[in-house]
Amino acid sequence: MYAQLVETGLKQVRAAADMDADERAFQARIDDGIKIEPKDWMPEAYRKTLIRQISQHAHSEIVGQLPEGNWVTRAPTLQRKSILLAKIQDEAGHGLYLYSAAETLGVSRDELLAALHSGKAKYSSIFNYPTLSWADMGAIGWLVDGSAIINQIPLCRCSYGPYARAMIRVCKEESFHARQGYDIMLALCNGSAAQKAMAQDALNRWWWPSLMMFGPSDADSVNSAQSSAWRIKLFSNDELRQRMVDQTVPQAEFLGLTVPDPDLRWNAARGHYDFGAIDWAEFHQVLKGNGPCNRERLQTRVQAWDDGAWFREALVAHADKQAARAASGEPQ
Ligand code: 3HC
């Protein structure tokens, strides 16, 4: 199935000869590294691809708050609690920047959220796993936010202006997220044997799902060919995954932890780590909604949307009243 999809994906990449003048001019701008802005002409397929990716990225930020929210009241110290709260708050802001970037493509926030709540739109598979111990807060910051940084730094240079600019602030904040996570892991690994075992257990559970964050293998990536041609994707899924492994294994060694992959070994000839096979069946099951926490995550988001309806209605009523006053010349 995937091979055909990839085949279709490759066919989507239109050869210059098949492009009309507008498309050729557009592609020339992309190839010259000129940013595409909301008011510029763009192929409908480019707009749709960006809405797909940016909205799913935004959904990931919002849903991604849930696993960590589980540990705010259980943080071991007031300092750890305030750091975790700051991180979770940052993620809400990341969702805001990204929804705003998606809205520049002519789609409303309500449409995007309806797609999430109906299960039509995806969010990152990683957020469908449970957070079972405080060490998970460390593993998420270190591995998940660490992976997000590797994936998001190139996006600061992607072809769509609003997306690239949103990523600059996101990446600065992600660095704090990754550092605070690694700091938690360091404290646990320098702690008691039980604390170090907790950190190892978290690494065992989060390692492989973090590798899956980068998407299917290049051979199975239906969108990569076109997204690369449009310089939305500057590196392939496998290239960024390899970067994450190469960066993270020495960090695990420094912690005195073992990466749960018996096939992991440094390949001097390649200058990279070789690593074991990813369980793509698990990945596809999670994408189908059959991960450990998919239902709970979506239910929580739908409940939050329903519970917040009164507040949104009040804001709109207030805005309408202000607008009516302004129109009638009454003082605001
Ligand atoms: N979880 C869920 N869906 C995934 C996925 C994952 N880890 N990886 C791939 N997919 C989906 C894709 O969305 C696509 O489905 P679609 O066509 O219905 O959207 C399908 O699997 C095939 O994958 P492709 O590689 O062909 O798709 P892309 O070219 O879009 O590549 C991607 C996938 C690398 C995730 C890319 O979309 C991307 O770079 N997105 C921006 C970054 C992002 O969304 N990161 C998510 C994490 S955000 C985060 O971690 C927040 C941090 O603060 C913690």
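Counting starts at 1 for both ligands and their atoms, in listed order. The analysis underlying the following values was restricted to heavy atoms, covering all of them including side chains, and did not include hydrogens, waters or symmetry mates.
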Where's the contact between [X] and ligand 1, heavy-atom distance under 4.0 Å: side chain, backbone, both or neither?
| X | answer |
| --- | --- |
| F235 | neither |
| S125 | both |
| Q53 | side chain |
| S124 | both |
| M212 | backbone |
| N237 | side chain |
| L287 | side chain |

Minimum side-chain heavy-atom gap I278-F283 below 4.5 Å: no
Identify whether the distance between the nearest side-chain nitrogen and carboxylate oxygen of [X] and [Y] falls below 4.0 Å.
| X | Y | result |
| --- | --- | --- |
| D238 | R241 | yes |
| D32 | R231 | no |
| K87 | E91 | yes |

Among N151, D90, D145, V144, closest by any non-hydrogen atom to atom 39 (O) of ligand 1: N151
Ring-face cation of R297 near Y123 (centre distance under 6.0 Å, axis angle within 45°): no
Side-chain donor/acceptor of Q242 to backbone N/O of Y273, under 3.5 Å: yes
Check: E23 side chain, D20 main-chain N or O, donor-acceptor pair, under 3.5 Å: yes
May I ask you to list the atoms of ligand 1 that are less than 4.0 angstrom from any heavy atom of [X]?
| X | result |
| --- | --- |
| Q56 | 13 (O), 19 (O) |
| K233 | 25 (O), 28 (P), 29 (O), 31 (O) |
| Y163 | 41 (C) |
| K122 | 3 (N), 11 (C), 13 (O), 15 (O), 16 (P), 18 (O) |
| Y123 | 1 (N), 2 (C) |
| V222 | 22 (C), 26 (O) |
| F214 | 34 (C) |
| G215 | 8 (N), 9 (C) |

Minimal non-hydrogen separation, D136 against P130, with atom names: OD2-O, 3.5 Å
Intermediate values then yes/no, salt bridge (charged side-chain N to carboxylate O under 4.0 Å, His left out), R80 and D183: CA-CA 10 Å; R80 289 291 185 195; D183 187 52; 3.0 Å; yes
Remaining members of the apolar cluster that contains L315, side-chain heavy atoms under 4.5 Å: W310, F311
Heavy atom of P216, distance to ligand 1 below 4.0 Å: yes
Identified side chain to side chain contact (heavy atoms under 4.5 Å, CB included) counterpart of I36 within the set W41, W230, F26: F26
